[in-house]
Amino acid sequence: PLPSRPIALVVPPFAVSTADAYGWVAAARGSYTPVPRIIPPSQLASWEALAPLVVNDFEPAVAARHPELTSILGALRRAGAALAQLSGSGSTVYGVFAAPPDCRALEQTVPGRVVLTQTIERISPVELIGAAR
């Protein structure tokens, strides 16, 4: 499991319809044949190694209609996010950081609200059962 990391969520002042986002992806994609790939375990061992592998098919299609998302992603990366991406079909964008970012400074550079949270630590089922007792 990857270590817990701070996450900055940027909630822009607009929403994205999930139905619209699926339609935009379908229109942009045309026919689609997934290409399986083998990922060595070393590329799953850290957030930095994992970042280049993470893809959200919605991101290009949604950002084409809401270009401000591209500038939000850039702001998160400039603030030190190891990974920044559209969350689901949008409109929220997230950044994964090594240390908590300066959310007030980030709010000055992006439209919308910035919320700081973090990933969870994975625990084994045995630890979970022990904690419940």
Side-chain angles (χ1 to χ4, degrees):
L2 294 173
S4 181
R5 286 281 182 97
I7 302 284
L9 302 173
V10 178
V11 184
F14 59 87
V16 173
S17 158
T18 300
D20 287 347
Y22 271 93
W24 299 333
V25 169
R29 179 179 284 163
S31 65
Y32 176 68
T33 304
V35 178
R37 59 184 171 163
I38 296 173
I39 300 170
S42 62
Q43 286 193 275
L44 304 174
S46 73
W47 287 102
E48 290 73 19
L50 181 67
L53 302 175
V54 178
V55 176
N56 181 335
D57 290 344
F58 288 104
E59 195 171 294
V62 174
R65 281 130 184 112
H66 296 282
E68 53 269 63
L69 292 175
T70 302
S71 59
I72 293 171
L73 290 164
L76 288 167
R77 291 179 183 119
R78 285 188 300 281
L83 170 62
Q85 196 158 60
L86 184 68
S87 177
S89 60
S91 63
T92 299
V93 175
Y94 69 92
V96 179
F97 292 83
D102 182 345
C103 288
R104 288 190 183 187
L106 198 51
E107 282 180 332
Q108 301 302 313
T109 63
V110 298
R113 185 169 47 108
V114 177
V115 178
L116 187 61
T117 187
Q118 69 181 42
T119 62
I120 61 170
E121 293 277 344
R122 267 193 144 170
I123 60 172
S124 73
V126 172
E127 291 173 306
L128 186 60
I129 291 168
R133 290 185 180 166

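Since the structure is predicted, the reported quantities are computational estimates derived from the model, not experimental observations.
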>> Holding to ring-ring contact (aromatic ring centres under 6.0 Å, His included), I want the full list of residues that pass it with Phe58, two or more places apart in sequence or in another chain.
In response: Tyr22

> In terms of hydrophobic clustering (I, L, V, M, F, W, Y; side-chain heavy atoms under 4.5 Å; direct or indirect links), are Val96 and Val115 co-clustered?
Replying inline: yes

> Does Val54 share a hydrophobic cluster with Leu9, counting links as ILVMFWY side-chain heavy atoms below 4.5 Å and allowing steps through other members?
Replying inline: yes

> Mind checking whether Val62 and Ser91 have side chains closer than 4.5 Å, heavy atoms only?
Replying inline: no

> If you group Ile, Leu, Val, Met, Phe, Trp and Tyr whenever their side-chain heavy atoms sit less than 4.5 Å apart, what else falls in with Ile38?
Replying inline: none

> What are the two closest heavy atoms between Val110 and Ala75, and how far apart are they?
Replying inline: CG1-CB, 3.5 Å

>> Is it the case that atom CZ in Arg113 sees more than 12 heavy atoms from other parts of the structure closer than 6.0 Å?
In response: no

> To the nearest 0.5 Å, how far apart are OG in Ser42 and CG in Leu50?
Replying inline: 11.5 Å

>> I need the full list of side-chain hydrogen bond (donor to acceptor under 3.5 Å, both in side chains) pairs touching residues 46-58, with sequence neighbours left out, sorted by first then second residue.
In response: Arg5-Glu48, Arg29-Asp57

> At their closest point, which heavy atom of Ala99 faces which heavy atom of Pro6, and how far apart are they?
Replying inline: C-CG, 3.6 Å

>> What I'd like to find out is whether the side chain of Glu59 reaches to under 4.5 Å of the side chain of Leu73, using heavy atoms alone.
In response: yes

> Are Leu69 and Ile7 joined in one hydrophobic group, where the rule is that I, L, V, M, F, W and Y side chains link up if heavy atoms are under 4.5 Å apart?
Replying inline: no

> Is a donor on one side and an acceptor on the other found under 3.5 Å between the side chain of Ser4 and the backbone of Ile120?
Replying inline: no

>> Please give me the minimum heavy-atom distance between Ala61 and Arg65, naming the atom from each residue.
In response: O-NH1, 2.9 Å

> side-chain hydrogen bond (donor to acceptor under 3.5 Å, both in side chains): which pairs involve residues 77-89, sequence neighbours left out?
Replying inline: Thr18-Ser89, Gln85-Tyr94

> Of the non-hydrogen atoms in Leu76 and Ala8, which two are nearest, and what is the gap between them?
Replying inline: CD2-CB, 4.2 Å

>> Can you list everything that forms a side-chain contact (heavy atoms from CB on, under 4.5 Å) with Glu107? Sequence neighbours excluded, please.
In response: Val114

>> Let me check something: do Leu106 and Leu83 share a hydrophobic cluster, defined by ILVMFWY side-chain heavy atoms less than 4.5 Å apart, either directly or through other members?
In response: no

>> Per the ring pair (Phe, Tyr, Trp, His ring centres under 6.0 Å) rule, what does the pair list look like for residues 60-88, sequence neighbours excluded?
In response: Phe14-His66

> Hey, quick one: are Leu53 and Leu2 part of the same hydrophobic cluster, counting side-chain heavy atoms closer than 4.5 Å, chains of contacts allowed?
Replying inline: yes

